[in-house]
Amino acid sequence: MSLEEQEKLLKERFPEALQEKPKEVKKGLPPLPNAEKGKVKTRFAPNPDFYMTLGNARPAIVSHEYARMYEGKFVLRFEDTDPRTKRPMPEAYEAIKEDLEWLGIRWDELYFQSHRMEIYYDLLKELIRRGGAYVCTCPPERWRELRDAGKPCPHRDEPPEVHLERLEKIFAGEYGEGEAVVRVKTDLKHPDPSVRDWVAFRIIDTSKHPHPLTGDEYRLWPTYNFAAGVDDYLMGITHVLRAREHQQNTVKQRFLYEHFGWKMPEVIHFGRLKLEGFVLSKSKMREMGLRGDDPRLATIRGLRRRGFAPEAIREIMIEVGVKKSDASISFSNLAAVNRKIIDPKARRVMLVEEPAEARLELPEPLTAELPWHPKVPELGRRSYEVRPGETVYLEKKDLIRAKKKGGIRLMELANFRYAGYDEERGQHVLEFESRELDKRYEIVQWVKEPVRAVVWRPGEGKGCALAEPEARELGGWVQMIRKGYAKVEGVDDSTLHLIYLHE
RNA sequence: GCCGCCGUAGUAUAGUCCGGCCAAGUAUGCGGGCCUCUCAAGCCCGUGACCCGGGUUCAAAUCCCGGCGGCGGCACCA
């Protein structure tokens, strides 16, 4: 039976079987496990050691979005507990907040871990009393040997009082960096050696490495696993969304939760994120030695300056979601999402990058009326008058094609016959043909009495161009006609600065 | 090396838990067309994927086993 015959038969006998089922097209993030409306609490916990990057935007956006979806709460927490190797960058705190706000992310609660040290110390003492942690003064190499052998260090089984005493000595400054650490008891036979009695606190000499917020006030600092683990509980976080590099940390933190008798939040790990053509790693970005808002950077402020809309970044992050596999965002995909958002706001501007002069032979002056946007009349219009014999600038390429085709149409102005090249004056000569739109000819942008423009194509460099005079008044997004979208940086010395965005 | 996670079109994602409505959806890209004083936007048509090999089953993207591939972790970083 052919498909058609089968369909016919079905239609006759069981018409209900052919009813189209309304297929739910799910937009947005998949549901969260064990989530209840009104009770979800998520967090974004950046280390303020650099500007926020697109990579950071993923946990920030999905965490915030989940809180919003479930009408829950969202926490912003700065994890600045390493004044030595990942020393916080003082300006990063405010920069990250600004970037989050720009992305449309509002937080219900704000914390700085460096201001929570007393809380961590109290909990540490409690943990020691419970026999869940100990102060270890073994030399690192010795400890490593024991760990690899799956054996306890001599301090592990000492009574809590000994450790509490030693802890006081640490506070009193009797131990230097590396001379003592606090370890959480886990499983000495755990297949992953790094899980075995992991370090919860270490000494950092803040007289040499002052913390930007607390100076040298504290010298015993919690590690990520202690501080984040404890805070997620204390702050009532129900769902933790973080990258897969934290998978082992979840294993480690589970031991902490067991010692305290706490319930672990749901933890979701997602894969690595790549953006075609960009470096996403903070350390590599730092090495590049560029300003935080350089448009070549995949920092939030870099993308912002280049012209990406916050909605576009949000949308793409929600689309990518929280899968465990790695995701590589293609630039054209990001551009497409962005284009849809900015296109209605982008005024069309005529700009010539490889200019050649053309003299217009006209019987009488002509005026071109150009709307700033073909579909959005509210954006207004401007007009230019051209007089007989006046010089305009066109793209070299367009003039070459005009020569081949015999003519050219200057946008909204008129059709011209290509009448040759005036060697003496170094000008192409275009002769007026007609006003009405002539589809035989290519429609091109043109400029007269232009203003200087600099177009910065991130990754390629800056190039000079000539822009129509009215362009001086522009701001925000523009579309360089036939070239692509750009962001207006500003005008100085009567030069218009543009950053090329995408096609 | 050891431990762990993941493999759906060029890219991203839906479907995988609970096998059949999947002859695999959507977006973007790409090709073509329509519309349009931009090569933009909009509209229409087309293109293109279940990592490989076995097994279970009437039926496998989905369950099982084995390969292969990618990624992550193995810090007194976060």
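Just so we're clear, the structure is a prediction, and the values are computed from it rather than from any experiment. A note on names: the letters A, B, ... follow the listed sequences, proteins ahead of strands, and every chain is numbered from 1.
The aromatic rings of A/F331 and A/H502 sit perpendicular to each other, their planes meeting at more than 60°, with 30° as the lower class boundary.
Within the 4.0 Å cut-off from OP1 or OP2 of B/A75, at least one side-chain nitrogen or oxygen of A/R144 is found. Look at A/R202 and you'll find a side-chain N or O under 4.0 angstrom from OP1 or OP2 of B/A78. Phosphate proximity of B/G70 to A/S325: absent, as no side-chain N or O sits under 4.0 Å from OP1 or OP2. For B/C76, neither phosphate oxygen OP1 nor OP2 lies less than 4.0 angstrom from any side-chain nitrogen or oxygen of A/R84. Listed pair A/R339 / B/A27 fails the phosphate criterion, with no side-chain N or O lying under 4.0 Å from OP1 or OP2.
If you check the side chains of A/Y120 and A/D231, you find a donor sitting under 3.5 Å from an acceptor.
Regarding A/K274, its NZ atom lies at a distance of 14 Å from the C1' atom of B/G10, rounded to whole Å. If you measure from atom NE2 of A/H246 to atom P of B/G72, you get 14 Å, rounded to the nearest angstrom. Regarding A/K323, its NZ atom lies at a distance of 13 Å from the P atom of B/U16, rounded to whole Å.
Comparing A/R272 and A/P140 against RNA chain B, the residue whose closest nucleotide sits nearer the 5' end is A/R272.
The partner of B/G46 is B/C30, by the rule that a Watson-Crick or G-U pair needs both atom distances under 3.5 Å.
In the set B/U38, B/A78, B/C71, B/A78 carries the atom at the smallest distance from any side-chain atom of A/E245. Among the nucleotides B/U38, B/C39, B/G29, the one closest to any side-chain atom of A/S332 is B/G29. For A/Q479, taking side-chain heavy atoms from C-beta onward, the closest of the listed nucleotides B/C74, B/U38, B/C39 is B/U38. Comparing B/U28, B/A78, B/A41 by their nearest atom to the side chain of A/Y224 picks out B/A78. The side chain of A/D343 approaches B/A40 more closely than any other nucleotide in the set B/A40, B/G70, B/C37.
Using a cut-off of 4.0 Å between Lys/Arg side-chain N and Asp/Glu carboxylate O, A/D197 and A/R147 are scored as not salt-bridged. Classification of A/E442 and A/R482 as a salt-bridged pair holds, one side-chain N sitting under 4.0 Å from a carboxylate O.
Side-chain to base pairing of A/K324 with B/C6: no donor and acceptor N or O lie closer than 3.5 Å to each other.
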